[in-house]
Amino acid sequence: MAFRTDAARTRARQARQARNARQAPHESVLAERFGLFAECLLTGVWIAVAALPLVTYPAAFAAGARHLRRRIAHEGGGLREFAADFRHAVRRGWLAGLAGWAAVAVVWVDVQAVRAGLPGGRLVAAIGIFALIGLAVAGLRAAAVWEPGASWRALLATAGRRTVLDPAGSFLLVGGMALVAGSAWVTPPLAVPVLGAVAAAAVAVEERLRRR
């Protein structure tokens with residue numbers, strides 16, 4: 001009887017050990033994903049600060065995306081590496097930022113034309129808004145694959161093609177931008193860390209496309 005009791009206890013202990021062994025990887029994955037989420041929020045703060053000069057937002061997203069790629073690959077890196085990437089990206093990236101603001105200005109003029117009741121203004125404004133959204137998506141996709149020394153013109157050209165050829169990924173990024181806009185509307189400070197989540201989404205979209 002005692003032998004049976006000891007055997008039952010041994011089997012129960014072995015079952016608990018096996019169950020704990022199966023659960024341990026899931027806990028580590030959960031901890032890793034939570035750490036990555038926290039890193040995205042912190043990266044969003046870095047991106048927001050780096051984008052304060054207004055024309056530097058492409059470089060800020062490029063540096064943030066590269067930092068997150070290093071984090072996903074379990075490579076070292078922190079604020080110092082982010083700052084170094086930002087310095088590299090901003091050398092030509094400010095021109096892309098300036099072009100983006102020029103596009104915003106054109107769309108704003110179209111919207112004013114609609115308000116003034118000019119003929120055909122609604123159609124022109126709608127086309128301009130859709131084009132601006134596409135340009136923003138292409139900019140995010142270009143920033144997600146940026147590397148030091150890369151040409152922004154070439155990056156944007158290829159990103160534009162991917163924006164059209166990968167509509168699912170593009171719609172995902174549109175949703176991310178809508179999330180930032182909604183956060184800014186409801187709770188403005190919340191939009192800052194969410195920028196990191198948008199950069200992470202761009203990295204994920206490009207990685208998904210690369211693995212096809």
Side-chain angles (χ1 to χ4, degrees), residues 32-101 104 133-156 158-160 162-163 166 169-170 172-184 187-210:
E32 181 179 356
R33 290 179 178 175
F34 182 79
L36 180 59
F37 175 71
E39 195 72 28
C40 289
L41 300 183
L42 177 61
T43 304
V45 176
W46 294 352
I47 291 173
V49 172
L52 284 178
L54 299 184
V55 295
T56 59
Y57 63 90
F61 271 101
R66 191 159 191 259
H67 168 72
L68 291 175
R69 294 204 308 270
R70 283 195 298 264
R71 176 65 174 77
I72 294 170
H74 302 286
E75 299 175 357
L79 181 57
R80 181 177 298 178
E81 287 76 13
F82 172 88
D85 286 336
F86 175 73
R87 287 194 298 269
H88 283 291
V90 81
R91 291 174 184 172
R92 297 292 182 182
W94 69 272
L95 292 172
L98 188 62
W101 284 116
V104 171
I133 293 173
L135 180 63
V137 171
L140 282 173
R141 300 187 80 134
V145 298
W146 175 87
E147 293 286 348
S151 167
W152 277 99
R153 179 178 297 180
L155 287 174
L156 288 170
T158 56
R162 294 195 303 275
T163 299
D166 180 29
S170 298
L172 176 62
L173 295 181
V174 171
M177 291 186 292
L179 179 61
V180 173
S183 301
T187 309
L190 185 61
V192 172
V194 172
L195 292 174
V198 174
V203 171
V205 165
E206 290 299 311
E207 182 64 18
R208 165 183 165 273
L209 184 62
R210 186 184 68 83

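Position 1 is the first residue of the sequence, and the numbers go up from there. A quick note: this is a predicted structure, and the numbers were derived from the prediction, not measured.
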**Q** How close do Val180 and Ala191 get, heavy atom to heavy atom, and via which atoms?
**A** O-CB, 3.8 Å
**Q** Is any side-chain heavy atom of Leu195 closer than 4.5 Å to one of Phe61?
**A** yes
**Q** Taking the side chain as every heavy atom from C-beta outward, state whether Val145 and Arg162 have any pair of such atoms under 4.5 Å apart.
**A** yes
**Q** Quick one: OG1 on Thr56 to CG on Leu98, what's the gap to the nearest 0.5 Å?
**A** 12.0 Å
**Q** Between Trp101 and Leu54 (side chain of the first, backbone of the second, donor and acceptor by atom type, cut-off under 3.5 Å), is there such a pair?
**A** yes
**Q** For the atom pair OG1 (Thr163) and CG (Leu156), what is the distance rounded to the nearest 0.5 Å?
**A** 9.5 Å
**Q** Donor-acceptor pairs under 3.5 angstrom involving side-chain atoms of residues 134-144: please list them, not counting sequence neighbours.
**A**
| residue | atom | partner | partner atom | Å |
| --- | --- | --- | --- | --- |
| Arg141 | NE | Glu206 | OE2 | 2.6 |
| Arg141 | NH1 | Ser170 | OG | 3.1 |
| Arg141 | NH2 | Asp166 | OD2 | 2.8 |
| Arg141 | NH2 | Glu206 | OE2 | 3.3 |

**Q** I need the full list of salt bridge (charged side-chain N to carboxylate O under 4.0 Å, His left out) pairs touching residues 142-152, with sequence neighbours left out, sorted by first then second residue.
**A** Arg66-Glu147, Arg69-Glu147
**Q** Does any non-hydrogen side-chain atom of Arg208 lie less than 4.5 Å from one of Leu172?
**A** no
**Q** Which heavy-atom pair separates Pro53 from Ala50 by the least distance, and what is that distance?
**A** CD-O, 3.4 Å
**Q** Describe, in one word, how the ring planes of Trp152 and Trp146 are oriented to each other, choosing from parallel (under 30°), tilted (30 to 60°) and perpendicular (over 60°).
**A** parallel
**Q** Considering all heavy atoms of both residues, which atom of Gly77 and which atom of His67 are nearest to each other, and what is their separation?
**A** O-CE1, 3.9 Å
**Q** A side-chain contact here means heavy atoms from C-beta on lying under 4.5 Å apart; do Thr43 and Ile47 qualify?
**A** yes
**Q** On a heavy-atom basis, which atom in Phe82 and which in Arg70 lie closest, and how many Å separate them?
**A** N-NH2, 4.0 Å
